[in-house]
Amino acid sequence: MSLEIFGRFRLQKRIAHGGMGEVFYGLQYSEGAFQRPVIAKSILPKMAQRIDVFSRVVQEAELAAQINHPNVVTVFELGRHRGVYFIVMEYIEGVDLSSLMQRSLRVGQKLPHRLAAEAVRQAALGLNAAHTVDIVHRDISLNNIVVRRDGLTKLIDFGIAGLAQAS
């Protein structure tokens with residue numbers, strides 16, 4: 001997927017890529033001057049042809065969209081543009097806990113206990129919200145817990161989540 005306008009979204013820059021797809025930072029436009037930053041995860045066309053990969057991405061979007069909680073990333077849309085499937089979700093201006101820990105270690109300090117405890121508490125609230133609708137995350141890691149600049153913590157990446165009944 002090239003950097004382009006599709007539908008209400010304008011992709012600004014690619015921020016990650018891998019064997020399954022790409023992740024872009026972009027903007028969502030609506031009527032008037034309204035715009036908001038978003039993240040768009042695309043599935044490479046060759047991977048979308050694999051039913052296991054395609055169904056996993058659709059499941060990620062469907063499961064994450066069922067959770068409405070301030071400590072869980074919000075999914076806005078699952079769509080297709082020029083044969084490329086994508087998930088659009090909220091952009092979180094912040095840093096994952098793994099990066100925060102690495103930064104602290106580089107400067108010879110430990111991550112402040114209060115910050116770590118509060119981030120874990122908020123992530124647990126997000127997990128509880130997922131569990132309330134019978135969703136199990138299955139990939140809780142420091143990389144999937146993002147702390148915004150204002151301290152709000154969000155749980156991301158429900159890529160291998162599943163329904164509790166299927167566990």
Side-chain angles (χ1 to χ4, degrees), residues 1 3 9-28 35-44 47 52-53 56-78 85-164 166-167:
M1 181 187 294
L3 301 183
F9 305 102
R10 176 176 286 167
L11 303 180
Q12 302 290 313
K13 65 179 176 179
R14 184 172 71 176
I15 56 176
H17 67 285
M20 284 185 44
E22 299 174 297
V23 179
F24 295 89
Y25 168 81
L27 295 171
Q28 177 183 2
Q35 66 182 21
R36 71 173 157 198
V38 295
I39 293 295
K41 291 172 70 174
S42 71
I43 311 168
L44 295 174
M47 296 307 288
D52 60 322
V53 172
R56 189 169 44 180
V57 171
V58 169
Q59 181 183 32
E60 174 185 1
E62 290 173 343
L63 291 175
Q66 291 179 43
I67 307 166
N68 182 13
H69 193 274
N71 299 114
V72 176
V73 66
T74 302
V75 172
F76 298 132
E77 187 169 334
L78 171 65
Y85 289 91
F86 61 89
I87 300 172
V88 178
M89 61 195 77
E90 76 176 294
Y91 169 72
I92 304 167
E93 189 170 348
V95 181
D96 65 77
L97 277 181
S98 178
S99 297
L100 281 174
M101 287 182 61
Q102 290 172 9
R103 284 182 192 172
S104 293
L105 292 173
R106 272 197 304 270
V107 296
Q109 298 177 347
K110 291 183 179 179
L111 193 62
H113 291 27
R114 286 184 97 109
L115 185 143
E118 182 58 19
V120 169
R121 183 188 75 78
Q122 289 185 43
L125 291 171
L127 284 174
N128 183 63
H131 293 172
T132 300
V133 291
D134 289 333
I135 296 171
V136 178
H137 190 284
R138 294 191 184 160
D139 189 23
I140 297 302
S141 68
L142 298 177
N143 294 322
N144 290 333
I145 300 171
V146 178
V147 180
R148 285 190 342 195
R149 292 177 186 257
D150 65 1
L152 183 68
T153 297
K154 296 243 182 193
L155 191 58
I156 65 167
D157 201 354
F158 281 77
I160 60 173
L163 294 174
S167 299

Undergrad: What distance do Q12 atom CD and L27 atom CG have between them, rounded to the nearest 0.5 Å?
TA: 4.5 Å
Undergrad: Grab the two heavy atoms, one from I87 and one from M89, that are nearest each other, plus how far apart they are.
TA: CG2-CE, 3.6 Å
Undergrad: Evaluate V73 against I92 for side chain to side chain contact (heavy atoms under 4.5 Å, CB included), listing each step before the verdict.
TA: CA-CA 8 Å; V73 66; I92 304 167; 4.0 Å; yes
Undergrad: Got L97 and V146 here, is their nearest side-chain heavy-atom distance under 4.5 Å?
TA: no
Undergrad: State whether the side chain of K154 and the backbone N or O of P70 hold a donor-acceptor pair below 3.5 Å, judged by distance alone.
TA: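 Side chain of K154 to backbone of P70: a pair is present.
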Undergrad: Output yes when a side-chain donor or acceptor of E90 lies under 3.5 Å from a complementary backbone atom of T74, and no otherwise.
TA: yes
Undergrad: Compare every heavy atom of A130 with every heavy atom of I67, then report the nearest pair and how far apart it is.
TA: CD1-CB, 3.6 Å
Undergrad: Please report the shortest heavy-atom distance between K41 and V23, naming the atom on each side.
TA: CG-CG2, 3.9 Å
Undergrad: Given 3.5 Å as the limit, does a donor-acceptor pair link the side chain of N71 with the main chain of T153, or not?
TA: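 Confirmed, N71 side chain pairs with T153 backbone.
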Undergrad: Any heavy-atom pair between the side chains of H69 and L125 that's under 4.5 Å?
TA: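 Yes; the side chains approach each other to less than 4.5 Å.
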Undergrad: Within the distance-only criterion (no hydrogens, no angle test), does the side chain of T132 pair as donor or acceptor with the backbone N or O of N128 below 3.5 angstrom?
TA: yes
Undergrad: Which atom pair, heavy atoms only, marks the closest approach of F9 to V38?
TA: CD2-CG2, 4.2 Å
Undergrad: Rounded at 0.5 Å granularity, tell me how far CG in D157 sits from CG in N144.
TA: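 One gets 4.5 Å once the value is rounded to the nearest 0.5 Å.
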Undergrad: Which heavy-atom pair separates A40 from L11 by the least distance, and what is that distance?
TA: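 Nearest pair, atom of A40 first, then L11: CB-CD2, 3.9 Å.
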Undergrad: Run the numbers on E22 and S42 for side chain to side chain contact (heavy atoms under 4.5 Å, CB included), then give the verdict.
TA: CA-CA 5 Å; E22 299 174 297; S42 71; 3.6 Å; yes
Undergrad: Give the intermediate values and the outcome of side chain to side chain contact (heavy atoms under 4.5 Å, CB included) for residues D96 and I145.
TA: CA-CA 5 Å; D96 65 77; I145 300 171; over 6 Å; no
Undergrad: Do the side chains of I140 and L127 get nearer than 4.5 Å, heavy atoms only?
TA: yes
Undergrad: Cation-pi check, R10 to F24: give yes when NZ or CZ is under 6.0 Å from the six-membered ring centre and within 45° of the ring axis, no otherwise.
TA: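 Checked: cation-pi criterion not met.
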